[in-house]
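Keep in mind it's a predicted model, so treat the numbers as computed, not measured.
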Amino acid sequence: QVSLVESGGGSVQPGGSLRLSCTASESTYRSDCMAWFRQRPGRERDGVAAINKYDSPSYSESVNGRFTISKDNAENTLILQMNDLKPEDTAMYYCVAELRDGGNCHIWLSGASDFHTWGQGTQVTVSS
């Protein structure tokens with residue numbers, strides 16, 4: 001059974017917007033922490049945004065003020081609204097869940113290895 005399925009990636013011009021969705025299985029959606037990571041060409045995966053069980057979000061400095069993470073509880077879906085996209089946002093975006101014991105749900109304090117469950121990723125390309 002696939003636990004996380006991302007959608008909504010694509011190509012957009014600088015300054016444009018995209019909305020990523022991640023549909024989760026019911027058990028995975030009950031995770032205390034869900035987040036979005038990305039992997040830019042030639043770089044390691046890094047955190048973009050996270051949301052904890054109290055629906056409190058956190059953002060990396062590079063996307064703060066431009067991206068919004070939220071949850072649609074009726075659809076078991078994690079959402080990432082991305083506005084004012086820049087070429088440096090070009091990456092494969094991954095939905096993640098199920099923080100390992102001892103992990104921290106603030107995006108500044110969590111790394112890729114802190115999460116058990118990953119989606120397959122969705123590509124976002126920003127270029128003119």
Side-chain angles (χ1 to χ4, degrees):
Q1 179 182 2
V2 178
S3 298
L4 297 169
V5 179
E6 301 99 333
S7 61
S11 296
V12 65
Q13 293 186 339
S17 297
L18 283 174
R19 179 182 172 96
L20 304 185
S21 295
C22 172
T23 301
S25 65
E26 188 165 347
S27 60
T28 300
Y29 191 75
R30 288 198 297 267
S31 169
D32 287 348
C33 182
M34 299 186 76
W36 290 95
F37 276 69
R38 68 184 179 187
Q39 187 163 20
R40 291 174 280 186
R43 301 182 65 168
E44 295 185 353
R45 294 181 182 184
D46 53 14
V48 175
I51 188 164
N52 64 19
K53 62 182 178 180
Y54 304 111
D55 289 342
S56 178
S58 57
Y59 301 95
S60 68
E61 287 190 48
S62 62
V63 307
N64 193 31
R66 300 187 296 123
F67 291 12
T68 302
I69 189 171
S70 61
K71 296 170 71 176
D72 181 343
N73 295 329
E75 301 292 333
N76 286 358
T77 298
L78 180 70
I79 296 164
L80 186 68
Q81 178 66 43
M82 306 186 295
N83 298 329
D84 190 22
L85 283 160
K86 304 177 180 181
E88 53 264 41
D89 293 318
T90 294
M92 184 70 78
Y93 284 73
Y94 297 91
C95 173
V96 303
E98 299 179 319
L99 196 63
R100 299 184 191 277
D101 289 345
N104 194 305
C105 195
H106 195 290
I107 202 63
W108 294 357
L109 301 175
S110 59
S113 61
D114 289 331
F115 291 90
H116 280 291
T117 304
W118 288 70
Q120 82 287 353
T122 186
Q123 178 68 37
V124 171
T125 302
V126 185
S127 71
S128 54

For [X] and [Y], which heavy atoms make the closest approach, and how far apart are they?
{"X": "Leu4", "Y": "Ala24", "answer": "CD2-CB, 3.6 Å"}
{"X": "Ala35", "Y": "Phe115", "answer": "CB-CZ, 4.1 Å"}
{"X": "Val63", "Y": "Val48", "answer": "CG2-O, 3.5 Å"}
{"X": "Ser17", "Y": "Asn83", "answer": "OG-OD1, 3.0 Å"}
{"X": "Phe37", "Y": "Ser110", "answer": "CZ-O, 4.3 Å"}
{"X": "Gln120", "Y": "Val5", "answer": "OE1-CA, 3.8 Å"}

From Arg40, Arg45, Gln39, residue fulfilling side-chain contact (heavy atoms from CB on, under 4.5 Å) relative to Arg43: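 The residue from Arg40, Arg45, Gln39 that satisfies side-chain contact (heavy atoms from CB on, under 4.5 Å) with Arg43 turns out to be Arg40.
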Would Arg38 and Ser62 count as a side chain to side chain donor-acceptor pair (under 3.5 Å) if you check the C-alpha gap in whole Å, the side-chain angles of each, and the deciding distance to 0.1 Å? CA-CA 12 Å; Arg38 68 184 179 187; Ser62 62; 3.3 Å; yes
Evaluate the side-chain proximity of [Y] to [X]: yes if any heavy-atom separation is below 4.5 Å, no if none is.
{"X": "Arg66", "Y": "Tyr59", "value": "no"}
{"X": "Val96", "Y": "Met34", "value": "no"}
{"X": "Leu20", "Y": "Val124", "value": "yes"}
{"X": "Ser127", "Y": "Ser11", "value": "no"}
{"X": "Leu85", "Y": "Leu18", "value": "yes"}

Which is it for Arg19 and Ile79 under the side-chain contact (heavy atoms from CB on, under 4.5 Å) test, yes or no, and what are the steps along the way? CA-CA 7 Å; Arg19 179 182 172 96; Ile79 296 164; 3.2 Å; yes
Verdict with supporting geometry, Gln13 and Val126, side-chain contact (heavy atoms from CB on, under 4.5 Å): CA-CA 5 Å; Gln13 293 186 339; Val126 185; over 6 Å; no
Going hydrophobic residue to hydrophobic residue with side-chain gaps under 4.5 angstrom, can you get from Ile107 over to Met92?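 Yes.
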Any side-chain to backbone donor/acceptor pair from [X] onto [Y]? Under 3.5 Å, distance only.
{"X": "Thr77", "Y": "Asp72", "value": "no"}
{"X": "Thr68", "Y": "Gln81", "value": "no"}
{"X": "Thr122", "Y": "Gly9", "value": "yes"}
{"X": "Tyr29", "Y": "Ser3", "value": "no"}
{"X": "Ser113", "Y": "Gly111", "value": "no"}

Can you pull out every disulfide bond (SG atoms under 2.5 Å apart) where at least one residue sits in residues 20-91? Sequence neighbours excluded, please.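 Residue pairs with at least one partner in residues 20-91: Cys22-Cys95, Cys33-Cys105.
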Worked verdict on Leu78 versus Ile51 for side-chain contact (heavy atoms from CB on, under 4.5 Å): CA-CA 9 Å; Leu78 180 70; Ile51 188 164; 3.7 Å; yes
Can you list every ring-ring contact (aromatic ring centres under 6.0 Å, His included) pair that touches residues 71-104, not counting sequence neighbours?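 Pairs touching residues 71-104 that pass the test: Tyr94-Trp118.
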Verify the neighbour count for atom CD of Glu44: are there more than 12 heavy atoms of other residues, nucleotides or ligands below 6.0 Å?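 Atom CD in Glu44 is not crowded, with 12 or fewer foreign heavy atoms closer than 6.0 Å.
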Would you list the pairs meeting side chain to side chain donor-acceptor pair (under 3.5 Å) in which at least one residue belongs to residues 99-108, sequence neighbours left out?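 Output for this query lists Arg100-His116.
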What do the steps show when you test Ser31 against Thr28 for side chain to side chain donor-acceptor pair (under 3.5 Å), and what is the final call? CA-CA 5 Å; Ser31 169; Thr28 300; over 6 Å; no
